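Notes for the one structure printed next.
Indexing begins at 1, ligand by ligand and atom by atom, following the structure's order. Only a predicted model underlies this, so the values are computations on that prediction, with no experimental measurement involved.
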Amino acid sequence: MSVMHSSLAHFRPTGFDRMLAPIHRWVWRDSERRVQKLLRFGQTETDGGHDILRAAEMTSDPLLRRLYLKHAIDEYRHGELFRRRGTALLHTLPSKPEPAFQADWLAPGGHGLDDLHVEDESDNDLLAFLHLSEKAAASRFTVYRDVLRNDGPTCAVFEEILHDEVFHMSYTLTQLARVSPQHHRRHLWRARLGRLWKGYLRIATVLAGAMGTFFLIVQYFILLPPFVLLAKRAARREQPGWTPISADRNDSLDRQY
Ligand SMILES: [Fe+2]
Ligand SMILES: [Fe+2]
């Protein structure tokens, strides 16, 4: 435990996460959103546990199997801790929370394991992916812990989980260097590029959604009104009741056209 504490003491969130601290503070300030985020984080951690348990089944390396099993148990425990804290906070709310804007792309949780098909990955690629994901989770959880100082029990949950995430971050790197001593840097770069690409796709999806909404609003308020006016003008010109038609259009009805 002392090893984990000392590595945690030296762990610093990335500059990007520190820069976003005011936004994270705003995201976590709302107590309804806090409850919903904690419950969702609980689910994500448990799902991550399932995937790592699957990795333990798939690997042929006995040491990795043991470490993956410990890792999966940690993730299940994180899920439980988040859920328990979320439920305790839920009972303090005056009313049932409405679904609130979660800002998940600003303050995500978990390890991004949903992006991964454990069965298709080699131990090298999985370890590289896990190392980067755990590092990202440790960085974000450090900031979340810091912005939640005024909520002691939630802050303590992040503090406790952070110890494990820092351990996950370091064991995955050590094991990657063991199983692939020559190429571990290449695996890390490949995993980095994969994460960058998925990050780009996530942002592009959010932007595409926002642009779609914007253009629909523009169409509704700018393009449609002239047609409404034209339709109203045409309706005013229309004579009420039956209108006689001209003789040349008034042929016999014994043919189709
Ligand atoms: Fe975790
Ligand atoms: Fe983890």
Item to check | Flag, side chain of Thr87 to backbone of Arg83, donor-acceptor distance under 3.5 Å | outcome: yes
Checklist entry - Can you tell me if an N/O/S atom from Asp74 lies under 2.8 Å from the Fe ion (ligand 1)? => result no
Next on the checklist: Please give the atom name: the N, O or S atom of Glu75 nearest to the Fe ion (ligand 1).
Outcome noted: OE1
Checklist entry - Around atom CZ of Arg18, are there more than 12 heavy atoms of other residues, nucleotides or ligands at under 6.0 Å? => result yes
Checklist entry - When you check the gap from the basic side-chain N to the acidic O, do Arg77 and Glu160 get nearer than 4.0 Å? => result yes
Checklist entry - Any N/O/S atom of Glu134 sitting less than 2.8 Å from the Fe ion (ligand 2), backbone or side chain? => result yes
Checklist entry - Between the Fe ion (ligand 2) and Glu165, is there an N, O or S atom separated by less than 2.8 Å? => result yes
Checklist entry - N/O/S of Glu45 less than 2.8 Å from the Fe ion (ligand 2)? => result no
Checklist entry - Does a donor on one side chain sit under 3.5 Å from an acceptor on the other, for Arg178 and Gln175? => result yes
Checklist entry - By atom name, which N, O or S atom of His168 is the nearest to the Fe ion (ligand 2)? => result ND1
Checklist entry - Do any N/O/S atoms of His78 come under 2.8 Å of the Fe ion (ligand 2)? => result no
Next on the checklist: Assess the residue pair Arg34 and Asp30 against the criterion (salt bridge (Lys or Arg N to Asp or Glu O under 4.0 Å)); give the C-alpha distance rounded to whole Å, side-chain angles, the decisive distance to 0.1 Å, and a yes or no.
Outcome noted: CA-CA 6 Å; Arg34 191 180 304 179; Asp30 182 275; over 6 Å; no
Next on the checklist: Counting neighbours of CZ on Arg192 that are heavy atoms of other residues, nucleotides or ligands and sit closer than 6.0 Å, is the number greater than 12?
Outcome noted: yes
